[in-house]
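Predicted, not measured: the structure shown is a model, and the values here were computed from it.
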Amino acid sequence: MKQVFGYPESLQNRPNHYCPGCTHGIIHRLVAEAIDELQVREKTIAVAPVGCAVLAYNYFNCDAQQAAHGRAPAVATGIKRALPDRIVFTYQGDGDLASIGMAEIVHAANRGENITVIFVNNAIYGMTGGQMAPTTLPGQKTTTSPYGRDTATTGYPIQVCEMLNTLKAPAFIARVSVHDPKNVMKAKEAIKKAFEYQVNGKGFSLVEVLSTCPTNWGMTPVEALKWLENNMVPVFPLGTFRSLEEVSK
Amino acid sequence: MAKVTFNEERCKGCELCVSVCPKQIIHMADRFNSKGYRPAEVIEQDKCIGCAFCARMCPDVVIEVYK
């Protein structure tokens, strides 16, 4: 019998600290598989965020740097410019990227830095205890919006892909989800493509991955995937927003 | 003929694999692993078609698939 699915080399063989059913684990594996398939593990540098994924450097089997809250794209810019032959990616949550790190991501994208950003959006602050994030859905209950997000005082969820797609420089922008096996495979394709863009020196690539937080959403992991599909996907439409073919038009 | 193996000590009992198995042959065991979770297991191994849906959905890379 031949092994058709196993542990990727770019993922360290140790248990992760994520809650049961947290989709961070799936997304870590997809990133590791993409790095394996492109055979760039030896020259890849990960930049970890602040948030649940702050310990990502314990899991990715490559060099890593942990950045201050939200500053991962700025740190990645520095690494990439100092060591242009390396493959540099950031792995950030929505609290990190869309709130405190909004300036860094917009300017890194606007400069067209040749880095890859994996943006994990679960519509809530996970590590700090389920507070409202910029990506929280209207009416969604969190510990800081116990009656549901009130759009009159707190605005609407920020659609990062759509916003960055207004810039000229980015080469690849896509939004994917991991709520069922089919979408997991699509997510894998998008992540691999984003890394390919960087390997080929095409410029800035970002993949937003819709994700769950069963613990802070107060659901079972299976219910959380259904909630993602039914509530988040309509607000954050899936698809490729920018690819090289469209840029060259 | 396909086979799936579970690294039971890594399993956190989230049941995502159970929810996506098209043959519905994955169940949660009655025993506990050392972390106190009930691990997922397959009893009717011969019904497995090796689609790897369970492995793709597993956040903890517990599952290996052989064909």
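In terms of heavy atoms, A/Pro20 sits closest to B/Cys14 at C-CB, 3.8 Å.
Note: A/Met1 CE to B/Met1 CE = 5.0 Å, rounded to the nearest 0.5 Å. The distance from atom CG of B/Leu16 to atom CD1 of A/Ile26, rounded to the nearest 0.5 Å, is 6.0 Å. Atoms OH and CZ, on A/Tyr7 and B/Arg10 in that order, are 4.5 Å from each other to the nearest 0.5 Å.
For A/His179, the part sitting under 4.5 Å from any heavy atom of chain B is the backbone (N, CA, C, O) and nothing else. Residue A/Leu11 touches chain B through its side chain alone, counting heavy-atom pairs closer than 4.5 Å. At a 4.5 Å heavy-atom cutoff, the contact between B/Val61 and chain A is made by backbone and side-chain atoms alike. For A/Val4, the parts sitting under 4.5 Å from any heavy atom of chain B are the backbone and the side chain alike.
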Give the table of side-chain donor-acceptor pairs shorter than 3.5 Å for residues 49-60 of chain B, with sequence neighbours excluded, one pair per line with atom names and distance.
{"residue": "B/Asp60", "atom": "OD1", "partner": "A/Asn16", "partner atom": "ND2", "Å": "3.4"}
{"residue": "B/Asp60", "atom": "OD1", "partner": "B/Lys12", "partner atom": "NZ", "Å": "2.9"}

Show me, pair by pair, the donor-acceptor contacts under 3.5 angstrom made by side chains of residues 222-233 of chain A, not counting sequence neighbours?
{"residue": "A/Glu223", "atom": "OE1", "partner": "A/Thr220", "partner atom": "N", "Å": "3.1"}
{"residue": "A/Asn230", "atom": "ND2", "partner": "A/Lys226", "partner atom": "O", "Å": "3.2"}
{"residue": "A/Asn231", "atom": "ND2", "partner": "A/Trp227", "partner atom": "O", "Å": "3.1"}

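Under a cut-off of 6.0 angstrom, the local environment of NZ in B/Lys47 is sparse, with at most 12 non-hydrogen atoms contributed by other residues, nucleotides or ligands. Taking a 6.0 Å sphere around CD of B/Gln24, one finds it holds 12 or fewer heavy atoms contributed by other residues, nucleotides or ligands.
Ranked by heavy-atom pairs shorter than 4.5 Å toward chain B, the options A/Cys22, A/Pro8, A/Gly6 are led by A/Cys22.
Within the 4.5 Å cutoff, side-chain heavy atoms of B/Glu64 are placed close to those of A/Gln3.
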